[in-house]
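These notes concern the structure reproduced below.
Position 1 is the first residue of the sequence; numbering continues from there. Order of listing sets the numbers, starting from 1, for every ligand and every atom in it.
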Amino acid sequence: MVDAELSLEEVCKGTTRRYRLDKEVICTHCGGKRAEPKSKWQSCPSCGGKGFEERVSSSFFARFVRRQTCTACQGRGEIPQQKCRVCRGEGKVRREVDVTVEIPPGMENGQQVRVRGKGNAGSEGGTAGDLFVTVHVKKGQWLRKGRQLFYDLKIPFTTAVLGGKAQVPTLEGREEVTIRPGTAGGERIVLPGRGLPPAGGGARGDLILRVQIDVPTHLSRRQRQILEQLRREGRGAI
Ligand SMILES: [Zn+2]
Ligand SMILES: [Zn+2]
């Protein structure tokens, strides 16, 4: 189990991560069989060849028999006369392995990518387990809801009234949008296809700008005079 921290840009396009894993891999000398290649096998002395041991425990009322897989032969009932000298009879060795994991587009925070056969080796030369990569999506400048991205766009009140241009961050970089004259606070401007693809890829959602009007708190004397004149001429309606 490993983790991957992704930016929203990486969620959009998909990405790869490399991991150096300290993994259990099958011993190549014995092929996971735990014996020296030409060794003979003998009945396990620990379990008498049964492959399991019985543990008896008793209480005042009852007697319990628990069966446990024999640890000496790991349930096989026989052990090699000569253990593999490379893995010392474990069948597996630890090795550092580099694994490259493809993370597809559209992953949600907390989702996992399953990589078949890249986990630890199974026993007795069995198939290896799976490696799970847990995705953590870093918070970006946008709020993400599935395929949609939201961004609070602050514009000066003069731009809201007169119209103009504004710069917005998108996954592709900064982009200029046109603000039409008479834009109200809370209005939404939709940039189609600038959101994220669904899990597994597909058409991207939208980037939705929520307009917020920036009201100035500090005005110069002249700015104040201009606004007061505007108010007089607007007769209270502006
Ligand atoms: Zn045994
Ligand atoms: Zn071995």
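Rounded to the nearest 10 degrees, the angle SG (C27) to the Zn ion (ligand 2) to SG (C84) equals 110°.
Rounded to the nearest 0.5 angstrom, I189 CD1 and L207 CG are separated by 10.0 Å.
At a cut-off of 2.8 Å, measuring from the Zn ion (ligand 1), the protein N, O or S atoms that fall short of it are C44 SG, C47 SG, C70 SG, C73 SG, waters left aside.
Among the candidates K23, R17, R20, the single residue satisfying the salt bridge (charged side-chain N to carboxylate O under 4.0 Å, His left out) test with D98 is R20.
In this model, no donor atom of one side chain and acceptor atom of the other lie less than 3.5 Å apart for E78 and S43.
At distances below 3.5 Å, not a single donor-acceptor pair connects side-chain atoms of K83 with backbone N or O atoms of R34. In this structure, D214 contributes its side chain and I155 its backbone to no donor-acceptor pair below 3.5 Å. Remark: the backbone N or O of E24 is paired with a side-chain donor or acceptor of N120 at under 3.5 angstrom.
Both the sub-6.0 Å distance and the 45° axial angle are not jointly satisfied by R194 relative to the ring of W142.
Here C87 meets the criterion, with an N, O or S atom under 2.8 Å of the Zn ion (ligand 2).
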